[in-house]
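Taking it in order: structure first as structure tokens, then the write-up.
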Amino acid sequence: MKTIASRHNPSFKRLREALRRPEQEIALEGRKQVEDAIAAGWKPALLVTRGPIREDAVAFTPELFDALSDTSTPQDLIGLFLRPRHDAGDILRSGRAPVVVLDAVQDPGNVGTIIRLAAAFDCAGVILLHGCADAYSPKAVRASAGAILAVPVAQARARAVLDSGLPLFAADARGAPIDPPAREAALVFGSEGGGVSNELLLAATAIRIPMSGRVESLNVAASAAILLARSFAIRGT
């Protein structure tokens, strides 16, 4: 098997583009993520290994492979897949567990973590509004710990959420200390700095997480963990 060493190689350029701008194709790093994606029915457009270790993959030299990897400890396998496309309307009309709506959540680590939480607590899906980090960026994919394979994620405008007919609930420090929705509702989490936008907040029931006065607020992912866990618990009772 020929081992590729050149940065001018088309496969290298294609993977680098997917890692930088995952608009059409996404790159999953690591044996577990790639094999989980294939097991979930995703068909790889390209597999690349760090050296000639798989017959079904293109082999890169360790130096070339490491130049692609986005992690401090590079894996030995990268898979290239078509970017999944989910319809926001289908998620909003799913008619079961709450839909998670992220309003300008800019940190990809937070976006990926909340997608993982949406999977853990069986939410209908995740809607990303304007200003959110890309759920399929390498950092968000890693933070999701594989949940990006199982949770439908779509981009939408705030108007689509407002027109969906779903009751809206927004995490907000000025809200009431009430339970989150258990079914058929949208639960909105706002940006790390500004919270939920006024457009959505005015149409929503604001929910506050009861806590001591020793801290002013919680990270958006921590807030999502608390509210989604409570929603899941109510659903199971």
Side-chain angles (χ1 to χ4, degrees), residues 40 86-105 107 109-129 132-133 135 140 143-156 158-192 194-237:
H86 296 283
D87 184 82
D90 290 342
I91 296 173
L92 292 166
R93 292 189 296 269
S94 62
R96 55 181 190 90
V99 175
V100 176
V101 178
L102 303 186
D103 184 13
V105 176
D107 185 278
N110 284 335
V111 170
T113 298
I114 294 172
I115 290 170
R116 185 180 187 185
L117 293 166
F121 300 117
D122 199 26
C123 295
V126 178
I127 302 294
L128 305 180
L129 303 184
C132 278
S144 80
I148 194 70
L149 305 175
V151 177
V153 178
Q155 294 178 314
R159 177 49 53 188
V161 177
L162 292 168
D163 291 345
S164 69
L166 289 175
L168 300 186
F169 294 80
D172 187 88
R174 297 161 293 183
I178 59 177
D179 282 330
R183 293 177 178 83
E184 297 185 44
L187 184 53
V188 186
F189 298 94
S191 69
E192 292 85 352
V196 177
S197 63
N198 286 333
E199 180 182 13
L200 290 171
L201 195 57
L202 289 172
T205 299
I207 298 177
R208 172 171 57 87
I209 298 171
M211 58 185 183
S212 77
R214 297 170 69 179
V215 296
E216 292 184 3
S217 62
L218 295 174
N219 170 275
V220 63
S223 297
I226 293 168
L227 291 177
L228 294 179
R230 179 57 182 155
S231 170
F232 184 74
I234 295 170
R235 218 176 311 150
T237 58

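Position 1 is the first residue of the sequence; numbering continues from there.
Shown here are the side chain to side chain contact (heavy atoms under 4.5 Å, CB included) partners of Ala120, two or more places apart in sequence or in another chain: there are none. Qualifying side chain to side chain donor-acceptor pair (under 3.5 Å) partners for Arg230, counting only residues two or more places apart in sequence or in other chains: Asp179.
Within the 4.5 Å cutoff, the side chain of Pro181 has heavy atoms near those of the Leu187 side chain. Under the 4.5 Å side-chain criterion, counting only non-hydrogen atoms from C-beta, Ile114 is in contact with Val100. At least one side-chain heavy atom of Ile148 sits under 4.5 Å from a side-chain heavy atom of Val153. The side-chain heavy atoms of Val188 and Phe169, taken from C-beta on, include no pair separated by under 4.5 Å.
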*Given the rule in the side-chain contact (heavy atoms from CB on, under 4.5 Å) test, do Leu102 and Val126 qualify, once you have shown the distances and angles that lead to the verdict?*
CA-CA 7 Å; Leu102 303 186; Val126 178; 4.1 Å; yes

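Using a distance-only test at 3.5 Å, with no hydrogens or angles considered, no donor-acceptor pair links the side chain of Glu184 to the main chain of Ala97. Looking at Asp103, its side chain does come within 3.5 Å of a backbone N or O of Ser197 through a donor-acceptor pair. Ser223 places a side-chain N or O within donor-acceptor distance of the main-chain N or O of Asn219, the cut-off being under 3.5 Å.
The 12-atom threshold is exceeded at CD of Glu199, counting heavy atoms of other residues, nucleotides or ligands nearer than 6.0 Å.
Heavy-atom minimum distance, Ala182 versus Arg235: O-NE, 2.9 Å.
Of the inter-residue distances, the one linking Ile207 atom CD1 with Ile178 atom CD1 reads 5.0 Å to the nearest 0.5 angstrom. Ser191 contributes atom OG, which lies 11.5 Å from atom CG of Leu129 (distance to the nearest 0.5 angstrom).
Within the structure, the side chain to side chain donor-acceptor pair (under 3.5 Å) test picks out the following pairs touching residues 159-177 (sequence neighbours left out): Arg159-Asp163, Asp172-Arg174.
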